[in-house]
Amino acid sequence: MSIQMVLLPVFVQVGLTFALLIGMVLARRRSLVSGETKSRDIALGEQFELPVLFYALIALALPLRHADLFIVLMSWVFVVTRFAHAGVFVSSNDPGRRSTIWLAGVLVLLAMWIYFAAKMLLLI
């Protein structure tokens, strides 16, 4: 079995996770804007999903020798967004700022996964 065939379901699962994360953000935003939900009522459990996706990406890219300069640079950008997110979380906990920073991290990590998947599946 080829590496591409083994990794394809991983990439599909990662895509599903990102789709659900982004869908959840949009639904929460609509609920907050409509007044149906207050920001204090939003659970914070999703903050640990992104690092798991990051760890999984690095755990795959490193032994497969696809942890190139792009992956390393974007890894640092992702980590900076996590520090910024944590800083807002433990200080003002402003939902607007926190969600903007969280979304930036999501987009960085999504770009990393798309890049890695393209390299692995297309053998770039």
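As the structure is a computational prediction, the values presented were derived from the model and not from experiment. This chain uses plain numbering: 1 for the first residue, then up along the sequence.
V72 has its side chain out of reach of D68: every pair of non-hydrogen atoms, C-beta onward, lies at least 4.5 Å apart. Two residues are said to be in side-chain contact when any heavy atoms from C-beta on lie closer than 4.5 Å; T81 and V106 fail this criterion. Annotation: side chain of F89 is not in contact with side chain of R97 (no heavy-atom distance under 4.5 Å). Under the 4.5 Å side-chain criterion, counting only non-hydrogen atoms from C-beta, R28 is not in contact with T37.
Below 30°, between 30° and 60°, or above 60°: for Y115 and F70 the angle between ring planes is between 30° and 60°, a tilted geometry.
Residues forming a side-chain contact (heavy atoms from CB on, under 4.5 Å) with S75 (at least two apart in sequence, or on another chain): F54, I58, I71, M112.
Not one N or O on the side chain of H85 forms a donor-acceptor pair closer than 3.5 Å with the backbone of F83. Q4 contributes a side-chain N or O that, together with a main-chain N or O of M120, makes up a donor-acceptor pair within less than 3.5 Å. Proximity of a side-chain donor or acceptor of T17 to a complementary backbone N or O of Q13 within less than 3.5 Å is detected.
A continuous path of Ile, Leu, Val, Met, Phe, Trp and Tyr side chains, each step under 4.5 Å between heavy atoms, connects L53 with L121, placing both in one hydrophobic cluster. Clustering ILVMFWY residues whenever any of their side-chain heavy atoms sit less than 4.5 angstrom apart, transitively, puts F78 in the very cluster that holds W113. Put simply, F18 and Y55 are part of the same group of oily side chains (I, L, V, M, F, W, Y) that touch within less than 4.5 Å, one to the next. Linking ILVMFWY side-chain heavy atoms closer than 4.5 Å, directly or via other members, places V79 and M74 in a single hydrophobic cluster.
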